[in-house]
Amino acid sequence: MKFLPVQLMVVAIFIIATINKIYAQNINGRVIDEKDTPISQVAVLRDSKIIATTDENGVFIIEEIVKLPFKIELQHPSYSSRKFIVSSDNSVFQLSVLEGTQLLNEVIISSTYQKQSRIIIPSSRITAVKLDQYSPVDLVSAINETPGVYIQSGALNTNRIVIRGVGSRTLYGTNKIRAYFNGIPITNGTGATAIDAYNSEDILDMEIVKGPKATQYGTNLGGTLLLNSKQASAGETYLKSSNTFGSYGLMKNSVSVATAANNSTFNLNYDHMVFDGFRDNSRYERSTVFLNSTYSFDEKNEVGVLFNYIDYNAQIPSSISKTAFEEDPTQAAYTWGASQGYEDNKQLLAGITYTHLFSENFSNTTAVYYNYLDHYEPRPFNILDEFTNGYGMRTLFAKDFNFWDTEASLSFGGEFYKDQYNWKTKENLYEDNEGGGSLEGSLLSDNIENRNNLNVFATITVPVTGKLKAQLGVNINKTNYDFKDVLNSGMNNKDADRNFDPIFAPNLNVLYQLTPNMKAYVNVSRGFNYPSIEETLTPEGVINPELGPETGFNYEIGSEVFAFNRALHLQFSAYLLDINNLLVAERVGDDQYIGRNAGKTEHKGMELAISYTHKIMDGWSISPYVNAEISQNRFIDFVDRTTDYSGNDLTGVPNNKMNGGVRFELKNFSFNANVLHIGDMPLNDANTLYSDAYTIFNSQFSYKNYITDQLSIGVNVGINNFTDQAYASSILINAVGFGGAEPRYYYPGMPRNWFGGVKIRYSL
């Protein structure tokens, strides 16, 4: 484990102090609502110019450019604008929530269109405040609080995101959703997404759109994830250091340097983590460097730079049988342990974004980006050696205009992505290596895949009446694959291409504001999922021209209610998702699969999220919450060869999930307790085997205080699964035992474990 030396931190502080104009005294302020809840992303204006923005704690910092007192205006899309006098006697400012019939122009039109879904119906959002309530290596638990979303986690590097049952049949990883980081796609050419590679301490918030409703971000049947990174507020410069230790050799160190002065922002983060794991052959080590910076040439032109480099090595214990799971869940699968299987990744994401305001109501944001992945994975059955070069461009125009004397909006644009995937497989001679683990043998395959994906989209939002608003969107997608067999020639060559027909995906959202504190909505949308090129290959390695994409329609109704002076928040939704041409993975060997279109599924359910914040007295509050879902996911028409599974439950999806908890705050102290319940789920398509339901409890205690006006310190300690529940945190559906071996269905979940850490922040 290598931590950044103290000397480097001192040098970083000196450099920042030297290159930025931070000598003036800073003016601090905090913005809250009627419930004393901090409000993030509030624009602070002076003389109609934005001079600061509140962070996730509602805090803003302004350089003292005039003598006190002076006037500011606070603006936020969901709150009434107010003007205040800033003096030495006031530092807390309160905003009132807008009534539903009121409209407020966005302060910065380009950034909200680029980094938010902009759908008019409610979506789910996970903030940095929520992420801080868990271990900084535990992004999964925070996401699992969202009703309708379930992450199965086989290991830190093996996560599968299932949204409303979509994605449950993906055996490894996630490929039924689309994800973006600061408006730049992080989903590759086959639709695979790995958000676990990103450092949770870099994330400001994450928006989750369930189903194909976010037209301008693709229309995958599972939905869309929009991740946005932290950055300093205007006039703010700080250095942060976070150190975490925990069970099973967990050590994590994160150092951040950030500044926002005049017309530029700069945020640099280095993170290093080591985790030995509780299972054999499960050590994980990761280093990350993240840079996000913007520069405004003037009020109409801004350029941004994003750089994220990840280098990690993760051993793979893989899934185990029921007997092994019950007798000793710490063991690795025998062949994976004997071969000492692992994956070694080097991953780069780089992008440049340019925003131009044609007018106050018309903007364009264009991004060009490049990503690279170098992946090496020794597996018992072969060794995979691959690298991917991908690049693309995304442009988005946004226009606000008057429609029947009210405000309407139009956005349109396109996104093109191309990557070249080079992959080889080699023999793994680990059995002849005398316990030394994997050993390369003869070359088995050598292939190149070129993958092209084009999305063109447009969305228009119009008010029909003072209370009724409609949003109509359309997405058109064109995808093709080109497969080259480099190893074989002549009759044995398997070169092929697959050119899919364009898919037209419309989307309609309707929102009705019943009262200022109650709204109802309806959604009808169409979505799709393409097969990966590996799924299109037959057992002989030849592309199957008959395999096509999944397509489906989503129907949803819901409501959002606030009560008791908005202390109570309730969100309810009911949905029906019909999917045709279901993609299933058929096992043809030890951990080897091919894809088939195998019928139709129906996903339906109800979701409920309730939260309440009660202020006991000044500085004292209690905030309980409950998120629950009940669903039925089943095969409508599914015949696998000669066996008819029609009417059976969809494999790998629980029919019920509940997450609840409570947060206590007392001055500088806070305590969080959380419970997660996952119902049983079928392990095979025949529904003859089910996993056991489980319930796990987590808790965390934290303390934060300002030592001086510039220096703050935070301490936290937590226990996960404190009842030491034995459970399967992920399952491998339709597992088959070869050579008389027992099928390996189970990925054991973490037993009781603890973590603790210290966070130090110094503002200049």
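Remember, it's a predicted structure, so these values are computed and weren't measured experimentally.
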State whether [X] and [Y] are salt-bridged, where the test is any N-O pair (Lys NZ or Arg NE/NH1/NH2 against Asp/Glu carboxylate O) under 4.0 Å.
X: K424; Y: E386; answer: no
X: R451; Y: D419; answer: yes
X: R164; Y: E629; answer: no
X: K600; Y: E550; answer: no
X: E742; Y: R744; answer: no

With a 6.0 Å cut-off on the ring centroids, do [X] and [Y] count as close?
X: F181; Y: Y198; result: yes
X: F500; Y: Y530; result: yes
X: Y417; Y: Y391; result: no

- Task: Could you tell me whether K478 atom NZ has more than 12 heavy atoms of other residues or ligands within 6.0 Å of it?
- Result: yes
- Message: Just verifying a value: how many Å separate S117 OG and L225 CG, rounded to the nearest 0.5 Å?
- Response: 11.5 Å
- Note on the structure: Rounded to the nearest 0.5 angstrom, the CD1-NZ distance for I203 and K130 is 15.0 Å
- Task: Kindly assign one of parallel, tilted or perpendicular to the pair F635 and Y645, based on the angle between their ring planes and the thresholds 30° and 60°.
- Result: tilted
